[in-house]
There are 2 protein chains.
Amino acid sequence: MPTPDRTSLDEIVAAGRSLLESGGLSGLTMQAVADRVGVRAPSLYKRVRDRSELVARVAEATIRELGDRLDAAAAGEPDPRRALAALARAVRSFARGRPVAFGVVFSPGADLDLDPESLARASATVIRIAAELAGEERALDAARTVTAWLNGFVGMELSGAFRLGGDVDRAFEFGIVTLTEALTRRG
Amino acid sequence: MPTPDRTSLDEIVAAGRSLLESGGLSGLTMQAVADRVGVRAPSLYKRVRDRSELVARVAEATIRELGDRLDAAAAGEPDPRRALAALARAVRSFARGRPVAFGVVFSPGADLDLDPESLARASATVIRIAAELAGEERALDAARTVTAWLNGFVGMELSGAFRLGGDVDRAFEFGIVTLTEALTRRG
DNA sequence: ACCTGAACACCGTTCAAGT
DNA sequence: ACCTGAACACCGTTCAAGT
């Protein structure tokens with residue numbers, strides 16, 4: 001005798017995202033998720049192999065959302081230099097909106113195996129802009145330089161690593177200008 | 001009647017570092033540490049407030065070691081451009097030697113409160129070189145740009161984020177050259 | 001003054017039994 | 001076919017009792 005579904009994978013992931021942001025990774029508990037969606041913890045294992053898979057799904061949803069934001073930010077900017085700046089600011093503001101999830105996605109050694117497609121999608125915009133800016137030949141190296149700086153900066157900011165005072169906003173804009181300048185193909 | 005000490009904080013931290021590297025953060029267990037140093041888990045609480053403090057001590061030891069490496073790497077290089085390159089390569093090679101610890105120290109939202117002094121010490125070398133390279137006025141912004149790129153690159157490399165093929169070594173050297181070039185004070 | 005066994009709360013996960 | 005209670009192993013942590 002079938003039982004009607006009392007929850008869904010989407011609902012579970014959404015609950016996970018919310019719990020992650022409010023209580024950190026250690027607050028993302030199978031029990032807490034189950035409570036949120038209105039089932040008992042064992043039932044979650046019908047939709048998800050184990051907790052690590054749930055974390056991976058949460059990370060994936062985060063990456064997909066970030067990808068959307070990047071597309072949107074760069075869409076209105078035909079000039080690659082302005083597009084790059086818009087994209088960088090979009091990442092920073094996204095991280096501020098979802099600090100914990102951003103931290104999980106970009107923390108080294110998190111070991112979530114993410115869907116390659118969502119990852120490719122999220123980096124496509126950066127690569128495209130890097131190609132326009134630096135030329136096809138240097139596109140990959142340029143994109144990696146920008147992405148590393150951007151993830152590094154935002155990650156450090158999130159963990160409060162900029163402890164020496166000064167103007168962090170200015171340092172961010174300085175980084176954008178410096179990199180844009182350096183990567184622009186010299187005529 | 002006093003009991004002779006059967007372990008020490010140093011021994012506990014050393015065991016923690018070893019366990020962290022071999023079994024990840026989840027392998028760094030109070031029980032496992034206790035086994036390593038030859039006491040029962042409750043005894044650890046005589047030297048350490050709780051597990052999070054132990055993790056913080058492990059992170060701190062890692063940062064101090066990294067600071068030493070940076071000093072050593074930059075020491076032999078009077079030319080700031082070469083010093084910066086040496087320093088960047090030293091960070092990358094350090095991270096390869098202690099990937100998990102590096103990940104913990106530089107993962108956004110790790111929320112370890114580290115000793116400000118060890119942090120200052122680890123960043124002092126970068127700031128000094130940045131000042132020589134970019135001038136005193138731009139030193140902080142320049143140091144932040146370099147540090148962000150470096151942490152970001154190494155972190156991404158550790159988590160296997162460079163999935164699009166290409167030569168990652170070349171991308172690293174590309175980043176060094178690009179940043180050094182861009183940050184050098186124009187005559 | 002340090003160390004220990006026992007105990008507690010909490011977690012992830014499994015599984016047989018229900019519908 | 002999904003859901004549940006019960007159970008298990010494993011944590012971190014506390015504490016009274018030992019030496």
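Proteins come first, then strands; the chains are lettered A, B, ... in the order of their sequence lines, and each starts at number 1. Excluded from the calculations below are hydrogen atoms, water molecules and symmetry mates; all remaining heavy atoms, backbone and side chain alike, are included.
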> So, are A:E117 and A:R64 salt-bridged, with charged N and O less than 4.0 Å apart?
Replying inline: no
> A:S52 near the nucleic acid: base, sugar-phosphate alone, or nothing, with a heavy-atom cut-off under 4.0 Å?
Replying inline: nothing
>> Distance check needed: D:dC11 P versus A:R51 CZ, whole Å only.
In response: 15 Å
> Whole-Å distance between D:dT13 P and B:L44 CG?
Replying inline: 10 Å
> Among D:dC11, C:dG12, D:dC3, which nucleotide sits nearest the side chain of B:T29?
Replying inline: D:dC11
> What is the distance from CD of A:Q31 to P of D:dC11, rounded to the nearest Å?
Replying inline: 17 Å
>> When both hydrogen-bonding distances must be under 3.5 Å and the geometry is Watson-Crick or G-U wobble, what is D:dA1 paired with, if anything?
In response: C:dT19
> For A:S26, which contact category applies under a 4.0 Å heavy-atom criterion: base, sugar-phosphate, or nothing?
Replying inline: nothing
> Which nucleotide in the set C:dC3, C:dT14, D:dC3 lies at the smallest distance from any side-chain heavy atom of A:Y45?
Replying inline: C:dT14
> When you check the gap from the basic side-chain N to the acidic O, do B:R92 and B:E157 get nearer than 4.0 Å?
Replying inline: yes
>> Do the side chains of A:D5 and A:R47 get close enough for a salt bridge, i.e. N-O under 4.0 angstrom?
In response: yes
> Quick one: A:K46 NZ to C:dC15 P, roughly how many Å, whole number?
Replying inline: 11 Å
> What is the distance, rounded to the nearest whole Å, between atom CG of A:L25 and atom P of C:dG12?
Replying inline: 10 Å
> Nearest to the side chain of B:R47 - C:dC3, D:dT13, D:dC2?
Replying inline: C:dC3
> Which nucleotide sits closest to the side chain of A:D50: C:dT13, D:dC2, C:dC3?
Replying inline: C:dT13
> Starting at the 5' end of DNA chain C and moving along, which residue's nearest nucleotide shows up first, B:D5 or B:P42?
Replying inline: B:D5
> Taking a pair as Watson-Crick or G-U wobble with both distances under 3.5 Å, which nucleotide is matched to D:dA9?
Replying inline: none
> Can B:R121 and B:D68 be counted as an ion pair, charged N to O under 4.0 angstrom?
Replying inline: yes
>> Is B:R49 close enough to D:dG12 that one of its side-chain N or O atoms is under 4.0 Å from OP1 or OP2 there?
In response: no
>> Measure CD1/B:I12 against P/C:dC2 and give the value in whole Å, please.
In response: 11 Å
> Are any of B:S43's side-chain N or O atoms less than 4.0 Å away from OP1 or OP2 of C:dC2?
Replying inline: no
>> Using only atom types and a distance under 3.5 Å, with no angle test, would you say the side chain of A:E77 pairs donor to acceptor with the backbone of A:L84?
In response: no
> Looking at D:dT13, D:dT4, D:dC3, which one has an atom nearest to any side-chain atom of A:R40?
Replying inline: D:dT4
>> Using whole Å, what does the distance between atom P of nucleotide D:dG5 and atom CE of A:M30 come to?
In response: 16 Å
